[in-house]
Amino acid sequence: YPPEKGVDLKATYKGKNGQSVSWKHQPDFPDGEMIDFEPLFKPKIDVAVYLTRQVKASAACEVEVEMGSDDTITVWVNGKNVLAHRVARSCRLGDEYLRIGLKKGDNTLLFKICQGNMQFGFAFQAMGTDSPLVTGEIPLQFNMLNAIRSGRRKSSRFGTPELTHRAESLIKPTDRDPVDIVLRRT
């Protein structure tokens with residue numbers, strides 16, 4: 001399909017049933033949360049959605065990312081296919097974990113989400129505080145929580161963290177100890 005051969009944000013393509021489709025800027029797509037495609041795209045059965053992200057890296061580096069998709073997911077970095085996973089599942093951040101190589105300068109990430117039926121969505125989160133994909137306080141807080149939950153960072157010997165959506169429990173980048181994480185007894 002044309003987007004897989006090169007991302008042209010000004011291009012218009014023929015979609016399902018001959019429908020004209022084009023790239024749309026979506027600044028409200030948050031990292032670390034599921035993006036629900038159902039209200040955005042019609043039809044929503046047996047279709048594919050492409051998402052792209054431009055990343056500027058000050059030096060060549062590797063970045064760890066977690067993703068989730070409902071359903072199949074394929075990922076390209078600078079035109080190179082780095083993931084293709086044909087699945088039928090609900091979207092859950094962390095279902096896919098990947099280390100991607102970025103070159104110095106501009107990089108293009110391309111995601112393809114194929115939808116069978118029922119729910120339709122995608123989630124993405126870059127890990128690590130020094131990643132060119134991570135910006136702001138909220139992604140840093142999610143990174144710390146996810147690192148503890150996945151075992152990449154030690155948790156307290158008194159409890160196991162679980163995700164919370166309470167604003168008063170957010171971790172600030174200046175915190176040295178994630179004491180604001182909601183804990184459950186172990």
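Heads up: numbering here begins at 1 and tracks the sequence. Just so it is clear, the structure is predicted and the values come from calculations on it, not from any experiment.
- Heavy-atom neighbours of Arg92 CZ from other residues, nucleotides or ligands within 6.0 Å: at or below the threshold of 12.
- The distance from the CZ atom of Phe124 to the CD atom of Glu66 is 10.5 Å, given to the nearest 0.5 Å.
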Under the side chain to side chain contact (heavy atoms under 4.5 Å, CB included) criterion, do Asp46 and Gln115 qualify, and how do the steps go? CA-CA 5 Å; Asp46 296 327; Gln115 166 62 0; over 6 Å; no
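- Shortest non-hydrogen contact noted between Val77 and Gly101 is CG1-O, 3.5 Å.
- Closest non-hydrogen pair, Val65 versus Ala126, comes out as CG1-CA, 4.0 Å.
- Going from atom OH of Tyr97 over to atom CD of Gln125 covers 12.5 Å, rounded to the nearest 0.5 Å.
- Put simply, the side chain of Gln26 reaches to within 4.5 Å of the side chain of Lys24, judged on heavy atoms.
- Aromatic pair Phe111/Phe122: centroids less than 6.0 angstrom apart.
- For the pair Asn81/Lys112, no side-chain contact is recorded, criterion being any heavy-atom separation below 4.5 Å from C-beta on.
- When every heavy atom of Cys91 is checked against every heavy atom of Asp70, the shortest pair comes out as N-CB, 3.6 Å.
- Looking only at side-chain heavy atoms (C-beta outward), Thr52 and Thr108 come within less than 4.5 Å of each other.
- Heavy-atom neighbours of Arg86 CZ from other residues, nucleotides or ligands within 6.0 Å: at or below the threshold of 12.
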Evaluate the side chain to side chain contact (heavy atoms under 4.5 Å, CB included) criterion for residues Val21 and Thr12: first the C-alpha distance (whole Å), next the side-chain angles of each, then the deciding distance (0.1 Å), finally the verdict. CA-CA 6 Å; Val21 294; Thr12 300; over 6 Å; no
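- Side-chain contact between Asp95 and Met67 is absent, with no heavy atoms from C-beta onward closer than 4.5 Å.
- Aromatic ring pairs are classed by plane angle as parallel below 30°, tilted from 30° to 60° and perpendicular above 60°; the pair Trp23 and Tyr13 is perpendicular.
- Of the candidates Val75, Leu109, Leu110, Val82 forms a side chain to side chain contact (heavy atoms under 4.5 Å, CB included) with just one, namely Val75.
- Follow the hydrophobic side-chain contacts under 4.5 Å out from Ile45 and you never reach Tyr1; the two are in separate clusters.
- The distance from atom OG of Ser22 to atom CG of Asp8, rounded to the nearest 0.5 Å, is 11.0 Å.
- Tracing side-chain contacts under 4.5 Å through hydrophobic residues (I, L, V, M, F, W, Y), one never reaches Ile35 starting from Tyr50; they form parts of separate clusters.
- Here Ser90 contributes atom OG and Phe120 contributes atom CZ; the two are 13.5 Å apart, rounded to the nearest 0.5 Å.
- The shortest side-chain heavy-atom distance between Gln119 and Phe37 does not fall under the 4.5 Å cut-off.
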Evaluate salt bridge (charged side-chain N to carboxylate O under 4.0 Å, His left out) for Glu62 paired with Lys103, printing each intermediate quantity in order. CA-CA 9 Å; Glu62 280 197 346; Lys103 65 183 180 181; over 6 Å; no
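- Residue pairs satisfying the side chain to side chain donor-acceptor pair (under 3.5 Å) criterion with at least one member in residues 71-80, sequence neighbours excluded, are listed as follows: Asn78-Asn107.
- Two different hydrophobic clusters hold Ile73 and Val7 under the rule that ILVMFWY side chains link at heavy-atom gaps under 4.5 Å.
- Remark: side-chain polar atoms of Lys16 are not paired, donor with acceptor, to backbone N or O of Ala48 under 3.5 angstrom.
- Asn17 contributes no side-chain N or O that, together with a main-chain N or O of Gln19, makes up a donor-acceptor pair within less than 3.5 Å.
- Atom OG of residue Ser69 and atom CD1 of residue Ile113 lie 5.0 Å apart, to the nearest 0.5 angstrom.
- Taken together through direct or relayed side-chain contacts under 4.5 Å among Ile, Leu, Val, Met, Phe, Trp and Tyr, Leu51 and Val55 form part of one hydrophobic cluster.
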